[in-house]
Protein chains: 2
Amino acid sequence: MARPLTPLISIDAVVTAALELIDESGDFSLPKLAKRIGVSQSSIYNHVSGREEILELVRGRLLEESPLVVAADAGWEDVLREAIRVYRGSFARHPRTAPLMVMQTVRDPQAIALYERIAGALEAAGFEGADVASAIAMIDSFALGSALDLAAPGSVWEAAQGSSPALGRAVESAARLGSRADAAFEFGLEILIDGLRLRHERANHI
Amino acid sequence: MARPLTPLISIDAVVTAALELIDESGDFSLPKLAKRIGVSQSSIYNHVSGREEILELVRGRLLEESPLVVAADAGWEDVLREAIRVYRGSFARHPRTAPLMVMQTVRDPQAIALYERIAGALEAAGFEGADVASAIAMIDSFALGSALDLAAPGSVWEAAQGSSPALGRAVESAARLGSRADAAFEFGLEILIDGLRLRHERANHI
DNA sequence: ACCTGAACACCGTTCAAGT
DNA sequence: ACCTGAACACCGTTCAAGT
């Protein structure tokens, strides 16, 4: 077969197939992607520049599924809280995407817009230049880390044996808790917001 | 050549070569590792079970280089602060190892000991079961995320263009700051400790 | 016990050839 | 413009063969 009358591949189909493969196995490869779409491996390069672009398109797909909505008059804490929830939530529905995004430069416009929203909220709150950057870096670390926690449940905990009593007790409690990762995230989110508010109040001598 | 009188490979040499390759290129492969040691690819499997074990040995090497020292009577905040600094610092000297550790189960005894120390400090402070687990998960997220920030400087920031004014300003300030990642880490560390202390005080009605 | 070379089943990307 | 098949330069792991 050569060029068909109507294209066999759409970018949408590529992204869907990639996401399916990641959800199922934690990874995807061009050969498997091609097989799933029912097309040859090399033909994918007619629609997409390569593996990296496919991953960035997957990122976009994740964010499409969970838009950020906050009231126009919401305080900076609420904007932050919701933005972080959206960011982490977009990974939560497809946890195994998180590790693959780790070293990938963010280019997706919706992701950039989310960061811009956070930066804007911090500026409006009165945080200054470098502190805005630091706060975003911290938020980013936290959200990504929490997403990774979903993808690798018990990565650390698994190793806790008799020689680690305190760690062992923590594991046990967490297991009883059911959804450890979710609880850890909400716990961490409040800690983070509290910490930022405290610093904010100090800086403004409230 | 067959079996030599004195072994051509030591585990130490494997770890050293792997770490060198990671520092130089951000990754390592068995073929390159073998070439660097001056040995055949397959012979490495006589000393090590495979790629995963090599990575875990690298983790151990990193922690050996930065032991945790805290005064015996140190408060839980100080233990936490120092443990997090050690964890993150062990990656800071070899930033490009961080992404490779992301999805790897922690088995190195020194790493486990570090987690145990943190769990013990949180317990002693009066945090309860599930909260200890949540706090550790958060600390873990934060430390790993900060380490990743070192490996991928400007991963997000790069994309900030005219359409993202607040993000742009944050980037600019951070650039002027010089070592953005270090500043972000110390900023985040204080936020985190403050947040935990606040929750701790509330729980204990201080 | 420790090394070698060959083999196996995978990768991502390129490119000439087809229509 | 869009697809194919072959080719290239890589992977990690296994295994029979050597001493």
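Given the structure is predicted, the values throughout are model-derived calculations rather than measurements. The chains referred to below are lettered A, B, ... by the order of the sequence lines, with proteins before strands, and numbering in each begins at 1.
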The test is salt bridge (charged side-chain N to carboxylate O under 4.0 Å, His left out); show your working for K32(A) and E20(A) and say whether it passes. CA-CA 11 Å; K32(A) 282 170 188 156; E20(A) 283 173 11; over 6 Å; no
Can you list, in residue-number order, the parts of residues 48-59 of chain A that come under 4.0 Å of DNA chain D, counting heavy atoms only?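 Output list: empty, so none.
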Of residues 38-47 of chain B, the positions that come close to DNA chain D - non-hydrogen atoms, cut-off under 4.0 Å: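 Within this stretch, Q41(B), S42(B), Y45(B) sit under 4.0 Å of the strand.
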Within this structure, what is the [atom1]-to-[atom2] distance between [X] and [N], rounded to whole angstrom?
X: L30(A); N: dC11(D); atom1: CG; atom2: P; answer: 17 Å
X: D27(B); N: dC10(D); atom1: CG; atom2: C1'; answer: 12 Å
X: I9(B); N: dT4(C); atom1: CD1; atom2: C1'; answer: 11 Å
X: I37(B); N: dT4(C); atom1: CD1; atom2: P; answer: 11 Å

Do the side chain of R51(A) and the main chain of F28(A) share a donor and acceptor less than 3.5 angstrom apart?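 Yes; at least one donor-acceptor contact below 3.5 Å.
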Test item: H94(B) side-chain N/O and L62(B) main-chain N/O as donor-acceptor pair under 3.5 Å: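 Checking the backbone N and O of L62(B) against the side chain of H94(B), no donor-acceptor pair under 3.5 Å is found.
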Regarding T16(B) and R61(B), do their side chains bring together a donor and an acceptor under 3.5 Å, going by distance alone?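 Result is yes, a qualifying pair exists.
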Which nucleotide in the list dG12(C), dC3(D), dG12(D) gets nearest to the side chain of P31(A)?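 Of the candidates, dG12(C) comes closest.
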Are more than 12 heavy atoms, taken from residues, nucleotides or ligands other than E128(A), located less than 6.0 Å from that residue's CD atom?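 It does not: E128(A) CD has 12 such atoms or fewer within range.
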For E186(B) and R88(B): C-alpha separation, side-chain torsions, deciding distance, then whether salt bridge (charged side-chain N to carboxylate O under 4.0 Å, His left out) applies. CA-CA 11 Å; E186(B) 288 298 331; R88(B) 190 261 190 179; over 6 Å; no
Where does the angle between the aromatic ring planes of F185(A) and F142(A) fall among parallel (under 30°), tilted (30 to 60°) and perpendicular (over 60°)?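 If you compare the ring of F185(A) with that of F142(A), the planes turn out parallel.
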Over all heavy atoms of both residues, which pair between A98(A) and L144(A) is shortest? Give the atoms and the distance, please.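 Shortest heavy-atom separation between A98(A) and L144(A) comes out as O-CD1, 4.4 Å.
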Strand DNA chain D in bracket notation, Watson-Crick/G-U under 3.5 Å with | for pairs to another chain: ||.|||||...|||||.||
Measure the shortest side-chain to side-chain distance between I118(B) and V79(B) over non-hydrogen atoms and say whether it is less than 4.5 angstrom.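 With C-beta onward as the side chain, the pair stays apart.
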So V132(A) and I136(A), do their side chains get closer than 4.5 Å, heavy atoms only?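 Contact flag for I136(A)/V132(A) side chains = yes.
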OP1 or OP2 of dC10(C) under 4.0 Å from side-chain N/O of K32(A):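 No, because none of the side-chain N or O atoms of K32(A) sits under 4.0 Å from OP1 or OP2 of dC10(C).
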Under the salt bridge (charged side-chain N to carboxylate O under 4.0 Å, His left out) criterion, do R93(A) and E65(A) qualify, and how do the steps go? CA-CA 9 Å; R93(A) 248 161 290 113; E65(A) 293 175 3; 3.6 Å; yes
